[in-house]
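For clarity, every value in this text was computed on a predicted model and none was experimentally measured. In what follows, every chain begins at residue 1, and chains take the letters A, B, ... in the order their sequences are listed.
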Amino acid sequence: MRILLLVTIFLISTCGLIYELVAGTLASYLLGDSVTQFSTIIGTYLFSMGIGSYLSKFVTKNLEINFIRIELLVGLIGGLSSSILFICFGYGAYFRVILYFLVGLTGLFVGMEIPLIMRILKSQSSFKDLVSDVFTFDYIGSLLASIAFPVFLVPYLNLTRTSLLFGLMNVALALYLIHFFRHKIHKPSIAFAQGVVCALILGFAFIASDLIQRMSEEEYHGDGILFATTSKYQRIVITRDRNAYSLFLNNHLQFNSRDEYRYHEALIHPTFAHAKSIENVLIMGGGDGFAVREMLKYPEVKNITLVDLDEKMVDIFRTNPLMKKLNNNSLLSSKLKVINQDAFLFLQNRKQQKFDVIIIDFPDPSNFSIGKLYSTTFYHRLQQVMKPSTLGVVQSTSPLYAKGSFWCIDATIRETGLQTLPYHAYVPSFGEWGYVQFSILKEAPKKRKLPKDLRFYTEAEWQNMKHFQQDMLEEEPIVNRLNNQALIPLFEKEWAVLMD
Amino acid sequence: MNRRGFVKLLGTAAVGTILTRNLLACGRKNPIQVTIVGADFKRGHSVRQVQKPSYFNQTIQVKNIIVGGGISGLSTAYHLHEMGEKDFLLLEMNSEIGGNSSALKTPYSWAPRGAHYLSLPNEDNFPMIAFMQKHKLITGVEDGKYVYNERQLCHAPNERLLYRGQFQEGLVPEYGLSESSMTEIEQFFSWMRSLKIAIDSNDKQQFNVPVSSGAFEMHVENLDKLTFSAFLAENKITNEELLWFLDYCCRDDFGAGMDKVSAWAGVHYFAARKANPYNADSTSVLTWTEGNFHLSKLLAESVKDKIVKDEVVHEMIETDENVEVHSYNPIKKSWTKYIAEKAVAACPSYVSKHILKSENWPSAFFDGFTHFPWFIGIVTVKKLPDTKNGVSLAWDNVKYGTKGLGYVSNRHQELSKMEGPLVLSVYLTLDEMDAAEGRKHLFAMDETEMLKRIVDELKGIHPDIEEEILSVDIQRWGHGMITPVPGTLKKQLSYKELTAKANRVFLAHTDYAGYSIFEEGFDAGFKAANNLKSVSHERLKI
C-alpha cells in the first residue's frame, strides 16, 4: 500500500505541475508577455495550493473517498482547463477571469491532495519517513513534468491534448484507488460510476481536441493554430505548419516564414540600396518587425520610426519568443521608435520632421477604411514628411492577379506629382507581388553596398524586377480618390475572380 | 436653453399598441438620455408682438446694418468686406452664427443642426467659385476643369439605399429591377439631362443655380402652376421606384413631398446642376463633420469683429433719412437703437413681416411663403449592428419605400480609422399635414414621442440598433426651410420688382429664391452687398 500511495504522490505532483505549465504557456501564447503570465500563473497556483492545504484540515471523516473525489475533480478541471481557455479566448475581458479562476481552482484541489494523503499514510510509517518519502516523490514528479512538457508533450501532443491526457491519468488513478479502497468506501460503485463519467468526458474531449483548438478558424487555416487573439482593430492569428509560421490578419495572409524574406528583401533593399541617405527612416504598417530586420542590416541607419495602429500586433512580435526569433529581435532595437497611431493622424502632427526613406507596408486595400491610406489625399499628406531626396516605396498588391489595382496605386501616387518606379518580385506564398517606389525628383540612384546576408535580392535581380511582362500591364489606370475610392471595388473584383 | 432629460423609450406614450408590447419585450434596460437642443424659439417668437422700449440703453450710428447671421447675412457681410467696406454691423439673434448652417458639438463629433452639404457650383457662378478658390475648396484647374479639395469632397461610399434587403450604392433603386423599369428610369434622367442645356430665347439657361440666374420667368405660367406629382402624371411617369426616388429628393431638399412642391422645383432639382469637375462627379458634394457650419465660419472669418450676437431685432423702421433698428439683448436685458444709412433684412420672410416697417416692402409681400417643419435626431450609438448585406456604412443611408430620409453618419469625413461611438443625424419631415399644422404638432410633441419617431426611423434600417443608442439630441426647426410650392416663382418676380424700387432696405434670404441652399443664400448676400454699395446715399436723397 505504501508503494501504491507513493506512486500516487508521484503522479499527482506530475499532473499538478503539468496543469500549471499548460496554463502559463497558454496564457503567454494568448496574451503575450510570457514573464508576466508565468509569474502570475505560478503565484496564483501556489497561493491556491496554500488555501487548499489549509482547507484540508476541515476534511475529518472518510479520508479515502474524499481524496478520490478531489482526485476526480483535479482530473476533470485540470484536464479540461486548456480546452475551456481555448474556447473562451475570443471573449476578451472575461478571458483573464476564467484563466485565473481555473488556475485557482486546480491549485486549490491539488493543494488538498498532499495533506490528505499524508494523513491517509500516517499509520504506515513514522512521521520522519513519511515527510521524507512524500516530498521526495513530489519533487521527482515535478522534475519529470518539467522535462517532459517542453521536450515531448507540447511538440507531439499540443497543449489541449497534454492537459487532457494528464486529466485522464488523474482519473485513472482515482479509479484504481476506488478499487483499492473499495472496502473502506461506502457504496464504491457510485464512486466508480462518477469516475467513469469523468473519464468519458475527458476521453471525448481528447478525441475532439482538434476541433476545440481550431473551432471556427479551421476553414481558413489548414495548419495548426499556434496563437490567436483579437486586438482592438483586427483578428491576429499565427499558424504553424511543421517549421513554417504564417500570420493572418482578419484571415488575410501577411507572411509565411518560409518565403517572407523574398517579400521583405524586395520591399526594403531596392529603396535602401538606392536612396541618397538612409539615416532617418519612416515605416508605416509592418508591425511584425520583418521590414525593420532588413533595415537594420545597414549600419548607416540611425533612427527608425515605426507607425503601426495596432499596439497588440507590435507587442506580439516584440515579446513572443518564436516571433522574436523570426524578426531577429528587430523590434527591440535601440534605433527603433514605435508609435501606435493612425497613419493619417501621424502625418497630421508631423510637419517639421522629414525622413530620408519611407516604407509603406499597409494591408491590401480590401475595405474603405484601409482604402483611404491608398488615396491621393494620403500621398499628398505624405509629401509633408519628404525631403526632395527622399525615396519611398509602397507595397502595392499583385500586378498579375490584380493588375488594375496595382496600376491604380501607381497612377494615384503619380497624380499627386510624385515620380514612381513600379517593380515586382515573386513570393511563392503570395504569387507575383508588386511595389511602387516613389520620389519627388527623378534622380540617378545612388549605389550603396548591399548587406552580405541577402538571400534573394541582388543588383542584377533589380534589373529584372523593373521589367513587366505584357500580362501585367494596364492601359488606362484609374486614380483612387477619397471621394471615389475606386480602388476598393476594383481590388475586390480582381481578387474575387481569382477565388472562383 | 437645452432641455435635458432621461426618457425611457415608450415608458408612457403609445401604451397598448402591438408595437409597444414588442418593444417592451425586447426593450432596453437603460433609458436613453434625450436633450432638446438648439436656438431658443422664444427669442424668435418674441418679435411677433413688437415691444416698444421705454428708453434705449445706447444708440449706435453705423453706415450699413445687417439683420440676421445666417448664410444670407454672413454672405452680405463677407462681400461688403471684400469690397473694402468697413462701416457695418451684423446683428444675430442667437448666441451662435449660422442659422440653419450651425452645428452642435457632441462628445464624439460635431453634428450639423441643419444644412450639411454643398453641391458643386455651376461654373458660371463666379462669386461662388471665387469664394471657393479663396478658401481652398477649389484647389486648382486641370484640363480646364476645377479641382476640388478631396479632403472635403464627400468620401466614398457616398450614399447607400436599403432596397430589397440589400444595401446598394446610390439612391436610385437598381437591384433586380425589370428591363422596362430600368428603361423608364433612364428615359427620365436623360430627359432631365437634356433640360440642363435648354436655353430661352435670350440664350439664358432655363434652369440654373442660383435660381435668379436662370430664365425662371418663362416657367411662371406653366411649371410654377402645378405640383410636381401632377406634372409627372401628365407626362405618364408611373414607375413605382422612380416615383419613390423623386418624392424622396423633394422631401430631402424641400422639406415636403412631390405632391406639395411645384413642378418647377422638381425639374430644377435635376436640371439645374451642371458642374463638370476634374476630380469628382458632377453630382458630388462637399461635406464636413460640422456640416455647413464650416461654411458659416469661412464667411464670418474676416468679419468677426462686425458680428453682434444675442441681438433680437424688434423693429427696422425705414424713413427718408435713415433706417432705425431697435434691438433687445436678452442676456444684458438692454435695448439698443442702431441708426444706419442702409440696412439688409437677412432674416426669413415671416420675421421680416413682423419687424420691417417700410413703405417699399408692403406687409402683404411677406405672406404666402410656405415653410415645412423638421426635426433632427442626433443619435450617438456605440456601434452599428453588423450589416453584411451589401455596401458598408455610407455618408447618407436611406431605406427604400419609407417616408423617412434615413440618416447621415457625421464622422464620415474623418480620415483616421474610426474609433468610439458613431454620431448619426436622423432627418425627419412632418409633411403629412399642412405646414402650420405640422409646426403646431412639432412643438406639441414631448421627448418620448419625438424619440420614438427617431428610433423607429433608425430601426427601419437597423432593427437591432436600439440597444446601441447612448444618447439623442433633438433639434427642432419650426420653419425648416422654404418649400417651393406652386407660385414660388411668381413670388420671386415681385421680389425682383420690389428690390428694383427699394431705397434703404434690401432683403437677403433664400425664402425669396424659393430654395433653401447655400448657393442661394450666398447669392442673396452677394446681391445685397452690391445693392448697398451701388446707389450712393446722396443720389437717393434727390
Asker: Taking OH in Y175(B) as the centre, count heavy atoms belonging to other residues, nucleotides or ligands within less than 6.0 Å. Is the count above 12?
Answerer: no
Asker: Sort out for me which of P157(B), C154(B), S284(B) touches chain A most, counting heavy-atom pairs under 4.5 Å.
Answerer: P157(B)
Asker: At a 4.5 Å cut-off on heavy atoms, which part of I488(A) comes close to chain B: side chain, backbone, both, or neither?
Answerer: neither
Asker: Does K136(B) have more than 12 heavy atoms from other residues, nucleotides or ligands lying within 6.0 Å of its NZ?
Answerer: no
Asker: I'd like to verify something: which residue of E415(A), R481(A), K372(A) has the highest number of heavy-atom pairs under 4.5 Å with chain B?
Answerer: R481(A)
Asker: I'd like to know which of K417(B), E142(B), E419(B), E150(B) tops the heavy-atom pair count under 4.5 Å against chain A.
Answerer: E150(B)
Asker: Can you confirm whether more than 12 heavy atoms, excluding those of K493(A), are under 6.0 Å from its NZ atom?
Answerer: no
Asker: Assess whether atom CD of E311(A) is packed by more than 12 heavy atoms of other residues, nucleotides or ligands within 6.0 Å.
Answerer: no
Asker: If I compare all heavy atoms of A280(B) with all of N483(A), which pair ends up nearest, and what's the gap?
Answerer: CB-ND2, 3.4 Å
Asker: Give the minimum heavy-atom separation between F368(A) and S392(B), together with the two atoms involved.
Answerer: CD1-OG, 3.3 Å
Asker: What option among N279(B), N149(B), L153(B) has the most heavy-atom pairs under 4.5 Å with chain A?
Answerer: N279(B)
Asker: Give, as side chain, backbone, both or neither, the part of S369(A) having an atom under 4.5 angstrom from any heavy atom of chain B.
Answerer: side chain
Asker: What's the spacing between S416(B) OG and L373(A) CG if we round to 0.5 Å?
Answerer: 10.0 Å
Asker: So do D342(A) and L415(B) actually touch side chain to side chain, heavy atoms under 4.5 Å?
Answerer: no
